[in-house]
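Please read the structure below before turning to the comments.
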Protein chains: 2
Amino acid sequence: MTDAHVGLAGQLTRLPQRQVLSDDVYETVKGLIMDSVVAPGTRLNIDALTRELGISQTPIRESLARLESDGLVIKEPLRGYRVSSTLTRAEFEDLFEYRLHIEPWAAGRAAERSSAEDLVRLKDEMLSYTDVPERPDYDSYKAMAGHDQRFHDLVLELSGNETARQSFARTHCHLHLFRLYYGGGIATQALREHKAVVTAVRKGDPEQAAAAMRSHIEASRARLRPVFDQQ
Amino acid sequence: MTDAHVGLAGQLTRLPQRQVLSDDVYETVKGLIMDSVVAPGTRLNIDALTRELGISQTPIRESLARLESDGLVIKEPLRGYRVSSTLTRAEFEDLFEYRLHIEPWAAGRAAERSSAEDLVRLKDEMLSYTDVPERPDYDSYKAMAGHDQRFHDLVLELSGNETARQSFARTHCHLHLFRLYYGGGIATQALREHKAVVTAVRKGDPEQAAAAMRSHIEASRARLRPVFDQQ
DNA sequence: GTTCGCAATATCCTATAGGATCTTTGAGGG
DNA sequence: CCCTCAAAGATCCTATAGGATATTGCGAAC
């Protein structure tokens, strides 16, 4: 390796970006929140995290600052951070209303604009999660949630409007929905609905794509709403 | 004060949130970026900021982490932060396209839903910036930008969908547009367009409100586009 | 029993220091 | 001249320490 490097100055691309500790901490704490290991409302004690993670306070503080911007933690000056609550019903309704405004539009644009390569990416994403177990456990729930998020992000990306994609990403929609555990069992329906969106996009039919996406989101909302009736 | 406090235990509300140094730093650096004191692409040297602001690195790092989430700085691990570029033409177009999708919808909803109190707030906001100078200087430009941002945020708020308002806020639309300095001179037109939106919202006419907002955003886009022709 | 005040403890926030990594500079060789 | 390499310097990142603030617990008074 050292010998191969000699004489190639300037011809190697820059190494991939390094992962620094604060990034690791961010992902770790995010995972704890996402998996409800730390419950909504829980105070996040910086000194305790220091002890438990075996690192200093500084990267912890930095990652908490980022998580605050993500809406996953709430900072109270001088008193610390706490995990944000899961969505209230009002927030849930706002989110879906917003989705119903943005995502069918995006799907329609994806139908108008997608190249053959784009369609391959859609197909690949659909193939990334097909093994729906009869009795969903936590891992399959998590895998489905991952597919769901990637699918929607991809459609937003194929809409060709990066502002819209980022805006949607910044709602952290699927992260918040993930935290509203609903026991699974509906992956088959969601996959079917995703497939209908993909079919319309492939046909290049924006009206049908928008309608399929709207239908999917409305169904998703209806499936999730009972969560709030149990509280 | 100490005497007044005696015997009133539990009856005083919690004091307003305290401002900590990292919050101050965040606003300071944000202001430097917004005012283009530090130009787009500039590296932000943490040690230099430490010396110039006379504080330690820690609050600086925290505020930079937040500014990264805001899209105002870009972090390159181990190499530091740099100020994000001003909007490219493509980003500008995406942003306006997104606005054209979101803001007329929001204005229409505001027209449907606003209470008398809401309308007072709109009126107050319109009254907050009326003194349009013949020859706009930097301060008036900044004041107009402030009004512009507050106005649009208020309409989003009156739409009644907090997800939408936050999503729009997180684009930092007016902050990015502010950095595209265009020399002013168009405040009178923008105010006239804002007034048309307010008039329609007051009438409770959602179609007219949406149309007025659409017209305003399209005009705003047309006014700003020449910025890119000069680059 | 409740409430208040005070001291002790815990936690948050920032400053400082040191190690790791990157960037710049200068010398030497072709 | 250009290129390479090594050393020096600058900067980033994290650990540690100390001061400021909030929280908790206990005892005294009512």
Side-chain angles (χ1 to χ4, degrees), chain A residues 1-29 38 41-69 73-83, chain B residues 1-29 38 41-69 73-83:
Chain A
M1 187 63 194
T2 303
D3 291 333
H5 183 61
V6 173
L8 289 176
Q11 297 187 29
L12 294 181
T13 60
R14 178 176 293 279
L15 291 176
Q17 287 203 334
R18 309 290 293 277
Q19 189 87 347
V20 294
L21 191 55
S22 63
D23 291 340
D24 290 339
V25 177
Y26 171 77
E27 294 295 335
T28 298
V29 177
V38 280
T42 306
R43 302 211 76 96
L44 291 174
N45 181 319
I46 292 171
D47 283 354
L49 285 171
T50 296
R51 293 188 293 267
E52 285 162 27
L53 299 177
I55 62 172
S56 80
Q57 300 143 0
T58 315
I60 292 172
R61 295 190 63 84
E62 273 186 51
S63 60
L64 287 175
R66 286 174 63 189
L67 287 165
E68 185 198 12
S69 294
V73 301
I74 297 168
K75 172 185 176 185
E76 297 174 359
L78 296 173
R79 304 177 71 238
Y81 292 83
R82 58 187 172 88
V83 178
Chain B
M1 187 63 192
T2 303
D3 291 333
H5 185 62
V6 172
L8 290 175
Q11 297 185 28
L12 292 183
T13 60
R14 180 178 294 278
L15 290 176
Q17 289 204 332
R18 307 290 294 276
Q19 189 89 344
V20 293
L21 192 53
S22 63
D23 290 340
D24 290 339
V25 178
Y26 171 77
E27 297 295 341
T28 298
V29 178
V38 280
T42 306
R43 303 209 77 91
L44 291 175
N45 182 323
I46 292 171
D47 283 356
L49 284 172
T50 296
R51 293 187 294 265
E52 286 162 24
L53 300 178
I55 61 174
S56 81
Q57 301 144 0
T58 315
I60 293 173
R61 295 190 63 85
E62 272 186 55
S63 60
L64 286 175
R66 286 173 65 190
L67 287 165
E68 183 197 14
S69 293
V73 301
I74 297 167
K75 172 185 174 182
E76 296 176 0
L78 296 173
R79 304 179 71 239
Y81 292 82
R82 59 187 171 87
V83 177

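Within every chain, numbering begins at 1; the chains are lettered A, B, ... in the order of the sequence lines, protein sequences first and strands thereafter. Being a predicted model, the structure only gives us computed values, none of them experimental.
- Looking at the side chain of Lys75(A), the nearest of the listed nucleotides dC13(D), dC13(C), dT16(C) is dC13(C).
- Taking the nucleotide of DNA chain C with the nearest heavy atom to each of Ser22(B) and Arg51(A), the more 5' of the two is matched to Arg51(A).
- Taking atom CG of Leu53(B) as the reference point, atom P of dA15(C) lies 10 Å away to the nearest angstrom.
- The nearest whole Å value for the distance from the CG atom in Asp23(B) to the P atom in dC12(C) is 15 Å.
- Residue Asn45(A) places none of its side-chain N or O atoms closer than 4.0 Å to OP1 or OP2 of dA10(C).
- Within the 3.5 Å criterion, the main-chain N or O of Val38(B) finds no donor-acceptor partner in the side chain of Thr42(B).
- Rounding to whole angstrom units, CD1 of residue Ile55(A) and P of dT16(D) are separated by 11 Å.
- Using a 4.0 Å cut-off, no side-chain N or O of Arg79(A) falls inside it from OP1 or OP2 of dT11(C).
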Nucleotide N/O to protein N/O under 3.5 Å, stretch nucleotides 6-9 of chain C:
none

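- Separating the CG atom of Leu44(B) from the C1' atom of dA10(D) is a distance of 16 Å, rounded to the nearest angstrom.
- A side-chain donor-acceptor contact under 3.5 Å links Arg43(A) to the backbone of Arg79(A).
- Under the side-chain contact (heavy atoms from CB on, under 4.5 Å) criterion, Thr28(A) pairs with Leu53(A), sequence neighbours left out.
- Put simply, CG on Asp47(A) is 17 Å from P on dT21(D), counting in whole angstrom units.
- Within the nucleic acid shown, Leu49(B) has no heavy atom closer than 4.0 Å to any nucleic acid atom.
- Annotation: side chain of Ile74(B) is not in contact with side chain of Tyr81(B) (no heavy-atom distance under 4.5 Å).
- To the nearest 0.5 Å, atom CZ of residue Arg61(A) and atom OG of residue Ser56(A) are 11.0 Å apart.
- Nearer to the 5' terminus of DNA chain D, by closest-nucleotide assignment, is the contact made by Leu21(A) (compared with the other of Arg43(A) and Leu21(A)).
- Contact check of residues 57-69 of chain A against DNA chain D (heavy atom, cut-off under 4.0 Å) returns Gln57(A), Thr58(A), Pro59(A).
- The side chain of Leu78(B) approaches dC22(C) more closely than any other nucleotide in the set dA15(C), dC22(C), dT11(C).
- Between Arg82(A) and Leu44(A) the shortest side-chain heavy-atom distance does not fall below 4.5 Å.
- The distance between atom CD of Glu76(A) and atom P of dT23(D), rounded to the nearest whole Å, is 9 Å.
- Lys75(A) has no carboxylate O lying under 4.0 Å from a charged side-chain N of Glu68(A), or vice versa, which leaves the two without a salt bridge.
- The CG atom of Leu21(B) sits 4.5 Å away from atom CD1 of Ile55(B), with the distance rounded to the nearest 0.5 Å.
- In plain terms, the two heavy atoms of Asn45(A) and Ala48(A) that are nearest each other are OD1-N, 2.8 Å.
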